[in-house]
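Below is one structure, written out as structure tokens; comments come after it.
Convention: sequence-line order gives letters A, B, ...; per-chain numbering from 1.
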2 protein chains.
Amino acid sequence: MFSKACEYGIRAAIYIGQQSAELGRRVGLRDVAAEIDSPEAFTAKVLQQLVRAGLLTSVKGPTGGFELTAQQLATVTLRQIVVAIDGGDMLQGCALGLPQCSAQQPCPLHYQFLPIRDQLNEVLRTHTIGELAGKVHDGLGFLKQFT
Amino acid sequence: MFSKACEYGIRAAIYIGQQSAELGRRVGLRDVAAEIDSPEAFTAKVLQQLVRAGLLTSVKGPTGGFELTAQQLATVTLRQIVVAIDGGDMLQGCALGLPQCSAQQPCPLHYQFLPIRDQLNEVLRTHTIGELAGKVHDGLGFLKQFT
DNA sequence: TTTTTACCGGACAATTTTATCCGGTATTCA
DNA sequence: TGAATACCGGATAAAATTGTCCGGTAAAAA
Ligand code: FES
Ligand code: FES
């Protein structure tokens with residue numbers, strides 16, 4: 001579905017968002033990688049992408065780390081993260097890989113896949129990081145497997 | 001969504017199925033690759049996978065090529081092709097990459113993604129190659145872009 | 001039987017994705 | 001000011017995916 005980079009990016013953003021929202025504190029890379037169970041250096045690259053895209057904030061030096069501002073918590077959507085990392089192909093492209101998806105020359109699956117893709121877009125578009133972070137805080141969602 | 005190999009495999013199977021159903025003739029690799037606009041040698045690898053999985057039939061020598069029997073046309077589903085090439089991860093795995101998707105420890109997107117994944121499974125499970133081949137024959141579906 | 005056709009199988013190569021390492025820079029704190 | 005902290009950026013490497021090449025095998029036709 002999503003690339004590994006995108007999976008890490010989403011999980012990281014939600015974790016950082018939860019810490020920002022509930023505890024008002026920044027979290028370091030080491031902490032993030034441990035809490036979402038991802039490779040540290042690779043996660044750093046993904047977070048840098050998100051920072052450059054303006055979807056989360058970073059601060060250098062001691063007491064530094066990553067955080068989501070109140071504004072980011074309320075407005076950054078899953079879709080923005082997915083687009084920033086994976087691009088829009090999965091959100092617009094043809095399921096069978098035709099160079100473009102359109103009703104002009106639809107692939108044999110076009111009309112079956114449209115509602116699925118629309119629903120995916122809807123989910124990604126209507127959920128903010130703050131909202132998902134709330135679920136984690138309430139114990140309704142997990143970002144790694146606890147044995 | 002799907003891997004390139006899987007996209008080629010689905011398009012190829014539909015094209016071969018259409019030729020088998022409507023014209024009762026086998027098609028060669030060169031023909032397949034041209035009609036679905038895919039790299040020839042790579043497509044050969046994918047077709048070999050599908051033959052080994054019993055989802056389509058190949059015949060060597062002159063007048064040989066690939067075909068779908070009447071039984072295969074009526075019973076082989078998209079899901080079988082996807083599973084044979086990409087495996088079942090996209091059909092069962094967690095959207096955020098957790099090692100397993102379950103309501104025991106759901107990721108924050110679990111309940112939003114379940115209906116999407118269910119609908120995807122339903123589409124793949126309920127459409128046979130013969131059915132999709134019919135759309136191509138009727139001009140309702142395309143397997144490559146005509147300019 | 002010989003030749004030709006076309007799939008099969010394995011090795012190989014290019015590209016993309018995933019992952020690591022390390023020095024540089026900015027920031028905090030003593 | 002100096003030292004420690006932690007993100008930044010580029011280079012590098014490993015792995016997976018995508019793509020190619022070529023000789024081998026089976027089958028049909030001459
Ligand atoms: S043309 Fe294939 S999904 Fe629209
Ligand atoms: S646990 Fe993530 S989709 Fe089910």
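For L140(B), the side-chain contact (heavy atoms from CB on, under 4.5 Å) criterion is met by K135(B), D138(B), not counting sequence neighbours. Under the ring-ring contact (aromatic ring centres under 6.0 Å, His included) criterion, Y111(B) pairs with no residue at all, not counting sequence neighbours. In this structure, the side-chain contact (heavy atoms from CB on, under 4.5 Å) partners of S3(A), at least two apart in sequence or on a different chain, are A5(A), C6(A), I85(A), D86(A). Taking F66(B) as the reference, nothing meets the ring-ring contact (aromatic ring centres under 6.0 Å, His included) condition, with sequence neighbours excluded.
Between the P atom of dT17(D) and the CD atom of Q49(B) lies a distance of 11 Å, rounded to the nearest Å. Atom-to-atom, CD of E67(B) to P of dC7(C) comes out at 12 Å; the value is rounded to the nearest Å. Taking atom CD of E7(A) as the reference point, atom P of dT18(C) lies 8 Å away to the nearest angstrom. Across the protein-nucleic acid pair, E40(A) atom CD and dT20(C) atom C1' stand 11 Å apart, rounded to whole Å. Between the CD atom of Q48(B) and the P atom of dC8(C) there is a distance of 5 Å, given to the nearest Å. Separating the NZ atom of K4(B) from the P atom of dT17(C) is a distance of 11 Å, rounded to the nearest angstrom. The separation between I85(A) atom CD1 and dA19(C) atom P is 13 Å, rounded to whole Å.
Taking the side chain as every heavy atom from C-beta outward, K144(A) and P99(B) never approach each other to under 4.5 Å.
Only at 4.0 angstrom or more do the heavy atoms of residues 15-22 of chain B sit from any atom of DNA chain C, so none qualifies. Residues of residues 24-37 of chain B that place a heavy atom closer than 4.0 Å to DNA chain C, in numerical order, are V27(B), G28(B), L29(B).
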Extract all donor-acceptor atom pairs below 3.5 Å that involve side chains of residues 14-22 of chain A and protein atoms in other chains or at least two apart in sequence.
residue: Y15(A); atom: OH; partner: D31(A); partner atom: OD1; Å: 3.3
residue: Y15(A); atom: OH; partner: D31(A); partner atom: OD2; Å: 3.4
residue: Q19(A); atom: OE1; partner: R25(A); partner atom: NE; Å: 2.9
residue: Q19(A); atom: OE1; partner: R25(A); partner atom: NH2; Å: 2.9
residue: S20(A); atom: OG; partner: I16(A); partner atom: O; Å: 3.1
residue: S20(A); atom: OG; partner: L68(A); partner atom: N; Å: 3.0

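For F66(B), the listed nucleotide lying nearest its side chain is dC7(C); candidates were dT18(C), dC7(C), dT20(D). Considering only the side chain of F42(B), dT18(D) comes nearest among dT18(D), dA19(C), dC8(C). Checking dG19(D), dC8(D), dA19(C) against every side-chain atom of S58(A), the shortest atom distance belongs to dC8(D). Nearest nucleotide to the Y8(A) side chain, out of dG19(D), dC8(C), dA19(C): dA19(C).
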Completion exercise
With B for base contact, S for sugar-phosphate-only contact and - for none (protein heavy atoms under 4.0 Å), nucleotides 21-26 of chain D reads ----BB
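Put simply, R52(B) has no side-chain N or O that comes within less than 4.0 Å of OP1 or OP2 on dC8(C). Taking side-chain N and O atoms only, T63(A) has no distance below 4.0 Å to OP1 or OP2 of dA6(D).
Listed by first then second residue, pairs satisfying side chain to side chain donor-acceptor pair (under 3.5 Å) with a partner in residues 38-53 of chain B read S38(B)-T43(B), not counting sequence neighbours. Residues in residues 97-110 of chain B take part in no side chain to side chain donor-acceptor pair (under 3.5 Å) pair, two or more places apart or across chains.
The hydrophobic cluster around V59(B) extends to none of the other residues, as no ILVMFWY side-chain heavy atom falls under 4.5 Å of it. Here L23(A) is tied to no hydrophobic group at all, with no ILVMFWY side chain closer than 4.5 Å.
Remark: F2(B) CZ to M1(A) CE distance equals 9.5 Å, nearest 0.5 Å.
The heavy-atom pair separating R117(A) from M90(A) by the smallest distance is CD-O, 3.4 Å.
Both A5(A) and L47(B) lie near DNA chain C, and the one whose nearest nucleotide falls closer to the 5' end is L47(B).
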